[in-house]
Structures are given as structure tokens and as C-alpha cells.
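First comes the structure, then the notes that go with it.
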Amino acid sequence: MTDNGTDNARPDNFIEQIIHKDNASGKFAGGVVTRFPPEPNGYLHIGHAKSICLNFGVAERFGGHCFLRMDDTNPLKETAEYVAAIQRDVRWLGFEWGERESHASDYFEQLYEFAEELIHRGCAFVCSLSLDEIRATRGTLTEAGTPSPYRDRSVEDNLELFRRMRAGEFADGDHVLRAKIDMASPNINMRDPVLYRVRRAHHQRTGNAWCIYPMYDYTHCLSDYLEGVTHSLCTLEFEDHRPLYDWVLDTLATPHHPQQIEFSRLNLEYTVLSKRVLNTLVADGHVEGWDDPRMPTVAGLRRRGVRPQAIREFCHRIGITRSDGTVEMSALERCIRDDLEAMPRALAVVEPLKVVLTNYPEDREEWFTAPNHPQVEMLGTREIPFCRELWIERDDFMFDPPNKKYKRLSPGAEVRLRYGYIIRCDEVVTGNEGEAVELRCSVDLESRAGGANAERKVKGVIHWVSLRHGVAAEMRLYDRLFTESNPGRLKDGRRFTDVLNPDSLVLREGFVEPYLAGLDVGARVQFERTGWFYLEPERSRPQRPVFNRIITLRDNWA
RNA sequence: UGGGGUGUCGCCAAGUUGGUAAGGCACCGGAUUUUGAUUCCGGCAUUCGCAGGUUCGAGUCCUGCCACCCCAGCCA
């Protein structure tokens, strides 16, 4: 059951099926423990949301629990700011980890002891080859690597060297601890992989307590083991690492052995889901930050005005499989619109064009009662002011309509003002470029609901705002960040920076009906006929509402 | 070229002892509508990467191809 009330059951995904089988066979004594293990080196994006929903969702469905674990083994790239941002985003998405917050760095001491154990067992050795030498002796995809000359150091020598590495007696790169597996393995990950490297760097959590840091492959499986994880869910690119994951746990003969299961990561059209690329967009100033509303980050979507329910529903709809594909943006957009459908309606003009009602008295003023939602009566009504001069949407007027299907204003044409009268365009005042500057219209005073001409049929209905009462507002119209559907993998020589959409953000000065100015910051509302907007907390000021366009209305107009 | 994966409608995705192709998105109708919105009805894979084979019967089993993705960080 999702938050918007739709009970859209779907068949179990392959991971849930595996868990059902494991539970049936008693493999993990019926318990289910998962973890979401981000590296705090950037903000979470919607691809992470998929993993978060999977890990927390599976734990919840099977009555287990899920850890939020910071995979902080590389002090050079990780910061406390990212840790905080990640926690905020996971929580905002609607998931709670309670006491189960962890950091790989919590286990550094235990990890170190396991490493000595590996050395004792003759399964790890200190290698003193340089970085380049290690690379050169690793072999290639088709050729086996050659064993390190240090591979047969005695247990005693290895132990002493490793302890001295920890003690800080060596410089970065002098030595590494390597697993002793098989330099001829067709799986490159098994060619004596590095387990520990010297890194004289300040760690955001452990400070200067350590100068050697464990590598991902070594850390991850043991962290999973230490936390009692049963099903370690990760993306497909780690499939080749599973033999190493298993090797470490098998070699150490841990009493519990989590099962790694891989699924395909999310790809979304017209955006990019790679922390590296997103980081570049931020660092090079192509966007205003990780939380720029155009970013596919959780923070960006939040700031755009998207609700977490929409993101969760999206993750639910796309499913979990092992086949890689690219989801169309329309799938996400559909979820966002569905979620926003119940929001109140209002009249607002994004790009104003002045209209003067020539036969409406200058000093007259009326207030029309309008429902806040056409279908949801519970949302009540409000009063909308009306007077001789109005703003209408520039797009709702055209000198020469292309065809008879056109339903808006044009010279001589009639149209109904939403919740108000029918008007006819009698005259167009033009500017230097021949553009419309003002429309002079006549109004049919009998055409309002209840009036003698209320039933008169006109081609269309347009929205409007009283010029006298309207409140000026900043409109931030967001659109896709890239012009190509797959900016991360362009066929020709272009790079993602070459296909940024110059119109991904368009600023407009508009007008909104008075009641919108009284809304609480953070409110979401549909501007009728235009789209859903978010009164952005970060930018709005008391007398200065700033609205983000979350998404346009669906437009079926051929 | 070695290893590991994946291929079911434009996109996502069910299909698990072989029995005669769910659903969602998109799209196309049509109804309702003072939002070209919403809602509502209806349509949308004789076919499952390709080619053979087994079988009364195959998306599901076998064989052989093809395409695409991942791997040679002291990143995760």
C-alpha cells in the first residue's frame, strides 16, 4: 500500500523470491537483515533511492531490519557534510534506521585483526611493489598476471611489516597488504587484490587514528558479516567481486556468511546517474549545487517540490531485475503527477499579457467563489477578485490561430475566463515589434454561472489574475537538464557538458491570485492549465513568493 | 581476444514442475469536463535476440550463433 492510497500489488521480484526460498529452507533462520551502504562522497540520487527502497522495503516486508551504513574507507573523498546529507535524504524518503546506523570505520579495529588473521593463515602478504609495478604485473583481460616477488614473505615478516604500516612507519604507497589468491585467475579481482593501503590522511570520523585504510572488497563483506546481514544487495558491476567477497569470509571461516545478490542499477533518460558526473556539474558550476532542482539527486527533487511518495512509487513501478535498461522520463513524471493530483488549484499567470475590459466599470470589483479542487470537495472554496484590468497568459493569445482546434483568444474570438465571464477580443494594442502589448476586450455580464447566458458555449477557458489584486511572484520554470536522452554515453565525441539544456531553467515574473500569497512556504499547488508549483522555502520571502514549477500538466494537445 | 552478465510490445516488467504471452508507462481512439488536466471506457506482442533440435505441445528444455553491458583503481 503506498501513501497515495493505491494498492498496486505486483509480483515478487527475484530477490524477494530468493528470500522466500531462504526462509523456507531456514538458511538464515528466517531472519532478514539488509543494509544500504553509500559512500559519503556525494549526494544520493534517484538511483540510490531505488536501492534504498529495495533494502529498507525488503527488510520491512520480511519483518527484518536494515542498516544505514556509511562506506567510509577512503578518507580522501569523504566528508561529514555528505554523511549528514545522506542521512537527511534517507529520512526524507521515509525510512528509519533507528539504532542501526553504522560506519565501516566503526569496524577498523576488527578489520585490522582479521587482516592479521589472514596473514597468520598465510593468505595475505605485504607487497612492496609500487603502484605502477602492481599495475604492470596484474596482467590483462586475456593474460595472467605475474606473482609479486614479495608474495612468499614469511608470516613473521608480513606481520611485522603490517604492524609497522599501521604504526605509521611508511609513506603512502610504500607497501600494501594483498590477499594471496591466484595471479592467473581469469577474474582480475582475484589476482592478489590489495586489501590495505597506506594513506596518511585525516578521516572525517576517525581523525588521525589510522594511516592505513582497508579497501572496499575487504571491508564490505566483513561489515556485512559483523552486522549479521543476510542478503547483501548491490548493483551488477559488483558481480565479479562476489568471488572475492566469498573468499574473504570463507578464508576467515566466519560463522555467518551473508549472500550477495546483484540487481541492475537505474538509468533514466535525459539525465545522468553517476556521482562522478553529478559532482562535475556541481564543481564546474553548471548547476547551483547538489540540491539544484534540476539535479536527479534526492535533494534536488525535494527542492524542486517532488514529494517522497512519488519517488517511492516510481521505484516500486520500475521493479527490480538483472537486466540493464533505461527508464523513460515519462514514467517518473507520471508518478509525480499522480502524487500531486490531489493538491489544491489556483489561478496564476506565468507570463502576463494585459487585458482591459472596455465595458466593465473602472471602479467596480467582484469576488467570485471558486472550488479549490474540481473533484475534491473537501478542499473547500475561496474567493477570487475580479476587476476591469486583468493579466492573462501570453500563450493564450495568438494573432492567427493555425486551425479550428485552437481554443484560446485571438482577434474577434471569445473565450471564458475560468470561474468568470466570457470575453471577446475586440482590439489588440501592439508594440514596436508588432507584438501584442494589451488586449481590449468586451465582457458578457450575463455569462457567469447563474446568469442568463451561462450556458453559452465558447471554444475554451483560460486562466487570469486581477491586475489590481494580483501578487507579483517569481516563477522558476524547470525542465530537463540535458537535450540528449543518454547524456552519459554520447556516440559522437560530445561530452555531457556539450548537451546541457540551455532552457533547463527559465525565470519569469508572474502574478498569482491573492490567496496564494498567504500560503505556507513549502506548499504545493496546481496553477490551473499550467502545472504544479512549489512555494520554495529557500527562496521565498514574506512579500516575495517564489514558485518552482515542479512539473507541467500533461499536454495531450496535438 | 579471458572472465562475468543480459536479451519478452517504443520504455519498464510478469512469466519458477514445458500447455498455448499479466500489469504499468507511452501511444491511439471514444465518453464526461467552465483546467486542451483529472476520471472513465476501448485498442495496443499469432509472438518472446536469431537459427536449428527435442516434444502432441517451448518464452520456458538442448545445441549453435548474434547483440549489448561490466571487469585490467593502492575508488566504491
Side-chain angles (χ1 to χ4, degrees), chain A residues 8-14 17 21 37-39 41 71-74 76-78 127 129-131 134-135 138-145 172-178 185-191 193-199 213 215-217 219-220 234-243 262 264 269 275-276 316-335 337-338 341-342 345 347 370 373-375 405-408 416-420 422 447-449 454 457-463 526-531 552-558:
Chain A
N8 25 18
R10 67 172 298 144
D12 285 341
N13 60 51
F14 79 99
Q17 292 176 21
K21 281 180 193 140
E39 181 189 12
N41 67 342
D71 216 342
D72 54 354
T73 56
N74 186 354
L76 263 25
K77 296 182 172 178
E78 299 144 6
C127 179
L129 252 21
S130 70
L131 197 159
I134 287 182
R135 182 177 300 142
R138 183 150 33 222
T140 67
L141 294 178
T142 54
E143 300 162 303
D172 290 15
D174 283 355
H175 308 281
V176 292
L177 181 73
R178 288 228 250 171
S185 172
N187 181 345
I188 293 179
N189 295 122
M190 299 299 269
R191 319 239 262 233
V194 171
L195 266 23
Y196 269 90
R197 75 285 215 190
V198 175
R199 266 245 214 298
Y213 291 93
M215 299 287 288
Y216 164 84
D217 286 306
T219 307
H220 205 82
C234 64
T235 43
L236 254 23
E237 67 268 28
F238 292 103
E239 190 154 18
D240 287 345
H241 295 242
R242 191 173 24 164
E262 311 84 16
S264 53
E269 281 191 345
K275 268 199 261 184
R276 198 200 99 246
H316 177 256
R317 287 188 197 178
I318 57 176
I320 299 291
T321 67
R322 290 174 62 83
S323 58
D324 33 31
T326 303
V327 177
E328 290 177 346
M329 194 51 115
S330 61
L332 206 214
E333 293 175 337
R334 178 53 180 220
C335 295
R337 291 191 179 107
D338 282 355
E341 178 54 31
R345 308 291 135 110
L347 299 187
H373 192 291
Q375 282 84 224
K405 295 181 74 175
Y406 184 75
K407 299 167 68 171
R408 310 176 184 184
R416 177 180 290 282
L417 296 174
R418 179 73 158 158
Y419 303 126
I422 290 172
S447 60
R448 276 244 303 144
K457 286 296 163 210
V458 288
K459 301 183 72 171
V461 178
I462 65 171
H463 54 98
Q526 183 197 98
F527 289 175
E528 295 209 41
R529 302 208 318 129
T530 303
T552 62
L553 247 45
R554 186 148 162 262
D555 187 3
N556 288 331
W557 185 28

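Small disclaimer: the values here were computed from a predicted structure and weren't measured. Just the heavy atoms: all of them, side chains too, but no hydrogens, waters or symmetry mates, feed the values below. Chain letters run A, B, ... following the sequence lines, proteins first and then strands; every chain starts at 1.
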How do A:Ile320 and A:Arg448 order along RNA chain B: which one's closest nucleotide is nearer the 5' end?
A:Ile320

Quick note, A:Arg322 side chain, CB onward, closest among B:rU6, B:rG2, B:rG3 is B:rU6

Starting the side chain at C-beta, find the nucleotide from B:rG4, B:rC69, B:rG36 nearest to A:Asp324.
B:rC69

[X] side chain near [N] phosphate (N/O to OP1/OP2, under 4.0 Å):
X        : N      : answer
A:Thr321 : B:rA13 : yes
A:Ser323 : B:rA13 : yes
A:Arg10  : B:rA14 : no

Heavy-atom closest pair, residues A:Trp557 and A:Arg408
CZ3-NH2, 3.6 Å

Minimum heavy-atom separation for A:Ser323 to A:Ser264, with atom names?
O-OG, 3.0 Å

Which nucleotide, in any strand shown, forms a Watson-Crick or G-U wobble pair with [N], with both distances under 3.5 Å?
N      : result
B:rG2  : B:rC71
B:rC65 : B:rG49
B:rC25 : B:rG10
B:rU33 : none

[N] versus [M] - spacing of their [atom1] atoms, nearest Å:
N      : M      : atom1 : value
B:rU46 : B:rU38 : P     : 29 Å
B:rG52 : B:rC27 : P     : 38 Å
B:rA67 : B:rC40 : P     : 45 Å
B:rC9  : B:rC48 : P     : 10 Å
B:rG10 : B:rA45 : P     : 11 Å
B:rC25 : B:rG2  : C1'   : 40 Å
B:rC44 : B:rG53 : P     : 33 Å
B:rG59 : B:rG49 : C1'   : 12 Å

Take the protein atom [atom1] of [X] and the nucleotide atom [atom2] of [N], then report the distance between them rounded to whole Å.
X        : N      : atom1 : atom2 : answer
A:Arg191 : B:rA72 : CZ    : P     : 11 Å
A:Ile188 : B:rG5  : CD1   : P     : 16 Å
A:Leu236 : B:rC71 : CG    : P     : 11 Å
A:Phe527 : B:rG36 : CZ    : P     : 17 Å
A:Gln526 : B:rA37 : CD    : P     : 11 Å
A:His316 : B:rA13 : NE2   : P     : 14 Å
A:Met190 : B:rA72 : CE    : P     : 16 Å
A:Arg408 : B:rG36 : CZ    : C1'   : 7 Å

For [X], which contact category applies under a 4.0 Å heavy-atom criterion: base, sugar-phosphate, or nothing?
X        : result
A:Ala449 : base
A:Pro374 : base
A:Lys275 : nothing
A:Glu239 : sugar-phosphate
A:Gln17  : base

How would you list, by chain and number, every residue that makes a side chain to side chain donor-acceptor pair (under 3.5 Å) with [X], sequence neighbours excluded?
X        : value
A:Ser330 : none
A:Asp217 : A:His241
A:Arg138 : none

Before giving the answer on side chain to side chain contact (heavy atoms under 4.5 Å, CB included), spell out for A:His373 and A:Glu341 the whole-Å C-alpha distance, their side-chain angles and the decisive distance to 0.1 Å.
CA-CA 9 Å; A:His373 192 291; A:Glu341 178 54 31; 4.0 Å; yes

Report the glycosidic orientation of B:rG36: syn if within 90° of 0, anti in every other case.
anti

Under-3.5 Å N/O pairs linking protein and nucleotides 74-76 of chain B:
unit_1, atom_1, unit_2, atom_2, d
B:rC74, OP1, A:Arg138, NH2, 3.1
B:rC74, OP2, A:Arg138, NH1, 3.0
B:rC74, O2', A:Arg199, NH1, 3.3
B:rC74, N4, A:Leu129, O, 3.0
B:rC74, N4, A:Leu131, N, 2.8
B:rC74, N4, A:Gly173, O, 3.2
B:rC75, OP1, A:Arg199, NH2, 3.3
B:rC75, OP2, A:Arg197, NE, 3.2
B:rC75, OP2, A:Arg197, NH2, 2.9
B:rC75, OP2, A:Arg199, NH1, 3.4
B:rC75, OP2, A:Arg199, NH2, 2.1
B:rC75, O3', A:Arg197, NH2, 3.3
B:rC75, O2', A:Asn74, ND2, 3.1
B:rA76, OP1, A:Thr73, OG1, 2.6
B:rA76, OP1, A:Arg197, NH1, 3.4
B:rA76, OP1, A:Arg197, NH2, 3.1
B:rA76, OP2, A:Tyr216, N, 3.0
B:rA76, O4', A:Glu39, OE1, 3.4
B:rA76, O3', A:Asp71, OD2, 2.9
B:rA76, N6, A:His241, NE2, 3.3

Taking [X] for its side chain and [Y] for its backbone only, find out whether a donor-acceptor pair lies under 3.5 Å.
X        : Y        : value
A:Lys275 : A:Glu39  : yes
A:Arg191 : A:Ala144 : no
A:Asn187 : A:Asp240 : yes

Would you sort out whether A:Thr552 and A:Arg337 count as a side chain to side chain contact (heavy atoms under 4.5 Å, CB included), showing the intermediate values?
CA-CA 9 Å; A:Thr552 62; A:Arg337 291 191 179 107; 3.5 Å; yes

For nucleotides 25-33 of chain B, tabulate all protein N/O to nucleotide N/O atom pairs closer than 3.5 Å, reporting atom names and distance.
unit_1, atom_1, unit_2, atom_2, d
B:rC25, O2', A:Ser330, OG, 3.2

ring-ring contact (aromatic ring centres under 6.0 Å, His included) partners of A:His463, counting only residues at least two apart
none

Would you say the base of B:rU38 and the side-chain of A:Glu341 have a donor-acceptor pair closer than 3.5 Å?
no

List the steps, then state whether side chain to side chain contact (heavy atoms under 4.5 Å, CB included) holds for A:Arg178 with A:Ile134.
CA-CA 11 Å; A:Arg178 288 228 250 171; A:Ile134 287 182; 4.0 Å; yes

